Every structure is written in C-alpha cells, then in structure tokens.
Amino acid sequence: MRHSRGCQSVESTDKLPHSIYTVADEVRALGSQALPFRIDVRDEKRIDELVSETKAHFGRIDVLINNAGALWWQPVIETPPKRFDLVMSVNARAAFLLSRAVLPAMLEQNW
C-alpha cells in the first residue's frame, strides 16, 4: 500500500509489490471478473457510489470482502488518540459501512 491518508494500493512498491489494478488483472487472467475501485473506506458517500457502480456493472452483489486495514503496533501509552481513531475508523467503522451498504442488494437477491 502506498501510504497516504485514504489511499489504496494504486501503485506497486518494493514493500507492497501489487496494486488494486494488478490484482484485478490477475483475477481476470483466472477467467473471472474484477472491478477495482480507488476508495477511502471511511467515506460514506463514496461507499454508496461504489455499491451503485458495482451493482450497475455486474447486475448484482454476491460477496463482500472487507480487507482494508490500518495497523499500529505500538503500546497504548505511545498511541495518540488520532492514530487510534484512524485504526478504528478503517478496521471497524468501514467494515460496518460497507456491510450496511451492500446488504439491501444481497437481501433483494435472497443471498
């Protein structure tokens, strides 16, 4: 992941040699479909757009994989509240927002 606030792996780096685009290419090479999105998973409006665009592209949503994550491996005493808020907003709140956003489509499909 190229680290800047709210940025995904849009470019390969030495530490993380893949991007959302190279992974999508690998998925397509396996004969499946992929639709990579650059998104800040803390942005509710963009999440709603992602769900709408995904449903429009594929016609349905069958699976959601919440794999975004923010890491901080320091003791609590060395953790600024701002860092804690970032980790919780990406690791907990974003998973909730994404799940909540796709549930209507999944329930509509009885999936």
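Hydrogens, waters and symmetry mates play no part in the numbers below; they use all other heavy atoms, side chains included. All of these numbers come straight from a predicted model, not from anything done at the bench.
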- Message: Are R42 and V90 packed together at the side-chain level, in the sense that at least one heavy-atom pair is separated by less than 4.5 angstrom?
- Response: yes

- Is any side-chain heavy atom of R93 closer than 4.5 Å to a side-chain heavy atom of V41? no

- How close do R28 and A34 get, heavy atom to heavy atom, and via which atoms? NH2-O, 3.0 Å

- Ion pair check, E44 and R100, cut-off under 4.0 Å: no

- Taking the side chain as every heavy atom from C-beta outward, state whether F37 and I20 have any atom pair closer than 4.5 Å. no

- Side-chain touch Q33/H57, heavy atoms, less than 4.5 angstrom: yes

- Query: Honestly curious: do M88 and L98 fall in one hydrophobic cluster under the side-chain, below-4.5 Å linking rule?
  - Reply: no

- Task: Would you check if W72 and P80 make a side-chain contact, meaning some heavy-atom pair closer than 4.5 Å?
- Result: yes

- Message: Would the distance check show the side chain of Q109 and the main-chain N or O of R60 forming a donor-acceptor pair, the cut-off being under 3.5 Å?
- Response: no

- Task: Mind listing the closest non-hydrogen atom pair of G69 and N91 along with its distance?
- Result: CA-OD1, 3.2 Å

- Supply the atom-to-atom distance L30 CG to E26 CD, rounded to the nearest 0.5 angstrom. 7.5 Å

- Message: Please say yes or no: joined through hydrophobic side-chain contacts below 4.5 Å, possibly via intermediate residues, are L103 and L97 part of one cluster?
- Response: no

- Would you check if R83 and E78 make a side-chain contact, meaning some heavy-atom pair closer than 4.5 Å? no

- Message: Whether D48 and K45 form a salt bridge (side-chain N of Lys/Arg under 4.0 Å from carboxylate O of Asp/Glu) is what I want to check.
- Response: no

